There are 2 protein chains.
Amino acid sequence: MAKPEIHTMEELSAAIGVSRPTLSRYFQDPTKVSKSSVERIRRGLERVEYIPNFFATRMNRKTTGMIGVIIPYLNDLFFTRLLESIERAAMRAGYTVITQCSHSDPEIEARAAETFLSMNVDGAVVAPLGNHSDLKVYERLNARLPFVLMDSRPARLSGVDFVGTDHIQSTGLITEYLGRVGGPPVFLAMPRVNFNALEREVAYIAKMEELGLEPTIIGVDPLNAEGHFEAHGLAVLDRYFSKGDFINSSILCANDRVAIGALRAAAHHGLEPGSLRRGGLRIAGHDDYPLSQFMIPTLTTVAQNVEAIGQAAVDRLIEKLRVEKFQANQTVQLMDGVLKVRDSA
Amino acid sequence: MAKPEIHTMEELSAAIGVSRPTLSRYFQDPTKVSKSSVERIRRGLERVEYIPNFFATRMNRKTTGMIGVIIPYLNDLFFTRLLESIERAAMRAGYTVITQCSHSDPEIEARAAETFLSMNVDGAVVAPLGNHSDLKVYERLNARLPFVLMDSRPARLSGVDFVGTDHIQSTGLITEYLGRVGGPPVFLAMPRVNFNALEREVAYIAKMEELGLEPTIIGVDPLNAEGHFEAHGLAVLDRYFSKGDFINSSILCANDRVAIGALRAAAHHGLEPGSLRRGGLRIAGHDDYPLSQFMIPTLTTVAQNVEAIGQAAVDRLIEKLRVEKFQANQTVQLMDGVLKVRDSA
DNA sequence: CTCTATTCTTAACACGTGTAAAAACGTCTT
DNA sequence: AAGACGTTTTTACACGTGTTAAGAATAGAG
């Protein structure tokens with residue numbers, strides 16, 4: 001049962017009687033070798049245990065066929081969906097994805113970038129950490145690799161390609177909806193862990209002013225550690241609801257995870273947010289988090305087109321690494337959000 | 001501003017006046033080099049852009065310092081928590097984690113295993129895909145690497161280390177609790193995507209028989225594609241509730257995601273699951289999914305000790321790769337679940 | 001100042017595969 | 001049978017770093 005283990009192409013060449021360069025070509029692209037040889041090699045490999053050494057192959061090829069992806073954290077289904085869509089798109093294009101998670105730590109993010117450089121990845125896609133991440137890391141990657149930022153965009157960074165949601169549009173859309181069907185919406189901010197947090201605040205204010213309404217923002221000061229969005233939404237609204245504030249308001253949460261905390265706060269105070277009764281409490285979110293449709297009540301939100309963002313990021317990356325050094329001008333792709341009207345607002 | 005880019009140690013050696021072998025030792029372990037040289041190298045590296053080539057270093061070292069991790073899917077916070085705890089544990093021990101996601105596809109899982117072998121990872125931790133995954137993949141990894149399975153354990157696989165939750169204990173715990181505070185619990189199964197699905201069913205039946213109660217299992221036939229646990233729970237209970245079945249039962253869901261769907265089904269039918277009223281509908285889950293505490297009502301469940309499982313898996317792996325070929329006997333570590341009594345049951 | 005221990009440099013080979021050039025082989029056409 | 005063409009083999013060098021052996025340089029102790 002135990003096939004003999006073979007560790008080098010040289011040995012394999014001796015074992016199955018095909019020259020090493022032919023084997024090398026076979027493993028890179030079987031069509032580069034005549035059918036008769038392919039057959040001989042196939043049969044040989046069945047009798048023997050051999051895998052080409054990953055490092056040795058990558059070291060000598062001009063292209064490694066790998067793209068590096070960095071996401072800020074894993075415990076968020078939004079990012080895992082994004083990651084999945086990127087992996088699928090990359091797989092379709094024949095690339096291998098190496099994922100690194102920065103765990104909300106700029107140092108880890110910087111180290112991951114170095115790893116990508118030292119691995120000669122063909123390109124890199126990064127979802128930035130946030131305000132406290134080191135912009136030099138992105139500039140460095142952008143200067144040395146085909147590089148695309150996604151999801152959230154540092155304000156003070158120029159010349160870097162970006163793919164994400166148009167928050168002016170998406171946040172404006174739901175702000176307008178809330179203003180139309182209920183009272184003027186209040187914005188429940190999220191901890192400013194990334195640049196989208198602020199972008200959505202700004203978009204909300206702009207839309208409110210356009211509608212001639214007075215913007216109100218609550219929950220800016222983070223009460224919790226980063227990344228605990230639900231706990232943040234719960235804590236902020238629990239305080240307000242305890243004082244009787246906002247119990248009849250339309251509340252637009254900066255994202256669905258905050259909104260889930262908000263729904264919990266409402267339930268805790270016996271409030272039933274919903275669009276049915278005019279004038280009552282309404283709660284809405286942003287992102288269309290996978291669980292939002294199962295919340296009680298189901299959560300009204302704006303869906304980000306995650307699949308399109310992942311696909312576009314990979315497409316743009318591949319476009320860049322094809323033209324090699326032509327350094328085309330900066331591309332910024334902003335996808336529209338889609339309103340998902342459910343029961344909560 | 002732009003430092004000169006240096007691509008090899010040879011060039012670096014010439015540029016900063018330190019011999020190549022000394023540089024090699026410096027990058028592997030700076031303490032292997034005298035303080036004066038360390039200082040000279042440090043200063044040199046500040047004036048120059050250089051990163052050792054990842055592949056060339058890994059190819060020649062006997063140990064790569066990498067451990068491979070395979071998880072079945074990303075869009076589940078249970079697995080991302082597990083992954084995070086493994087990454088933390090590995091980082092503490094000085095190892096780099098390479099993650100691959102099998103996307104519920106045995107072929108991708110097998111390919112990931114091959115990749116790990118060809119990368120000469122020092123060890124591998126795998127959360128199995130499920131019934132349809134190829135056991136030979138695990139046997140192969142186990143024969144060639146320090147290897148640990150986690151989370152879910154194939155029944156017909158021997159001699160492989162395992163770390164996971166003791167489902168007899170955990171499921172027994174909540175079954176007993178439900179039986180004590182309410183009517184005899186019904187078990188809402190989950191699609192049998194992994195071995196835990198069946199283990200929990202069996203554990204439920206065993207405990208029920210121990211308690212002298214009649215076990216009832218519903219939702220075994222999956223109505224949905226794999227991985228859509230919430231939709232499964234919702235669909236199954238929606239059917240039953242529509243007919244008036246189980247509306248006053250204690251329902252133990254195979255995991256929290258199923259339970260979230262179950263809560264949604266209850267809400268849809270105007271039912272309010274909870275422990276307050278005797279004799280009414282109760283819903284409980286398993287896992288302590290991160291969002292369970294924010295559900296409406298908050299979800300009663302059994303917490304898996306994810307942090308301990310990740311840590312134990314890494315510990316065991318490191319233990320194995322220290323003793324190298326001593327092939328110690330099989331180790332099976334089962335962690336206890338902890339009851340989390342909340343509002344839903 | 002010499003002796004010894006440490007650390008460094010030099011030189012060389014190793015790892016496993018990519019790749020190029022030239023020679024050898026096979027098959028098909030004429 | 002000769003020629004043309006495509007494929008394979010042979011041979012050799014390349015990639016960037018690990019690693020070793022021998023000798024040179026340096027430091028500290030006496």
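Computed from a predicted structure; not experimentally measured. Numbers restart at 1 for each chain; the letters A, B, ... are given by sequence-line order, proteins then strands.
Between B:E46 and B:K3 there is no salt bridge, since no side-chain nitrogen of the basic residue lies less than 4.0 Å from a carboxylate oxygen of the acidic one.
Comparing B:K35 and B:M59 against DNA chain C, the residue whose closest nucleotide sits nearer the 5' end is B:K35. Taking for each of A:R58 and B:V33 the nucleotide of DNA chain C with the nearest heavy atom, the 5'-most of the two is the partner of B:V33.
The distance from atom CZ of B:R25 to atom C1' of C:dT6 is 11 Å, rounded to the nearest whole Å. To the nearest angstrom, C1' of D:dT17 lies 6 Å from CE of B:M9. Straight-line distance from the CD atom of A:E10 to the C1' atom of C:dT17: 10 Å, rounded to whole Å. Taking atom CZ of residue A:F55 and atom P of nucleotide C:dG16, one finds them 13 Å apart after rounding to whole Å. Atom pair B:I51:CD1 and D:dG16:P shows a separation of 14 Å (rounding to whole Å applied). Whole-Å rounding puts the B:E39 CD to C:dT7 P distance at 17 Å. Atom CD in A:E11 sits about 10 Å away from atom P in C:dC15, given to the nearest Å. Per the geometry, NZ belonging to B:K32 stands 14 Å off C1' belonging to D:dT20, to the nearest Å.
Listed nucleotides C:dT17, D:dT17, D:dT9 differ in distance to A:R20; the shortest reach to its side chain belongs to C:dT17. In the set D:dG18, C:dT10, D:dT9, the nucleotide with an atom closest to the side chain of B:S19 is C:dT10. Considering only side-chain atoms of A:R40, the nucleotide from D:dT9, C:dT17, C:dC8 that sits closest is D:dT9. The side chain of A:P52 has C:dT17 as its nearest neighbour among C:dT17, D:dG16, C:dT9. With D:dG18, C:dC8, D:dA14 as the choices, the nucleotide that has an atom nearest any side-chain atom of A:N60 turns out to be D:dA14. For B:A56, the listed nucleotide lying nearest its side chain is D:dG16; candidates were D:dG16, C:dT9, C:dT19. Residue A:Q28 has its side chain nearest to C:dT19 when only C:dT19, D:dT8, C:dG16 are considered.
Ring pair B:F27/B:Y50: centre-to-centre distance below 6.0 Å.
Considering only side-chain N and O atoms, A:S24 lies nowhere under 4.0 angstrom from the phosphate OP1 or OP2 of C:dT17.
Within 4.0 Å of B:S37, counting heavy atoms only, lie sugar-phosphate atoms of the nucleic acid but no base atom. Within 4.0 Å (heavy atoms only), A:P21 reaches at least one base atom of the nucleic acid. Contact annotation for A:Y50: backbone-only contact, meaning every heavy-atom pair under 4.0 Å involves sugar-phosphate atoms and none involves a base. When heavy atoms are screened at a 4.0 angstrom cut-off, A:S34 is found touching the sugar-phosphate backbone but no base atom. A:T57 comes within contact range of the sugar-phosphate backbone alone, with a heavy-atom separation under 4.0 Å but no base atom that close. Within the 4.0 angstrom heavy-atom criterion, only backbone atoms of the sugar-phosphate kind lie near A:T8; the bases stay farther away.
In this structure, B:A15 and B:I6 approach most closely via the heavy-atom pair CB-CD1, 3.6 Å.
For the residue pair B:Y95 / B:E87, no side-chain donor-acceptor distance below 3.5 Å is found, with atom types taken as modelled. There is a side-chain donor-acceptor pair under 3.5 Å between B:Q311 and B:R92.
The aromatic rings of B:Y73 and B:F79 sit perpendicular, their planes meeting at an angle over 60°, well past the 30° parallel limit.
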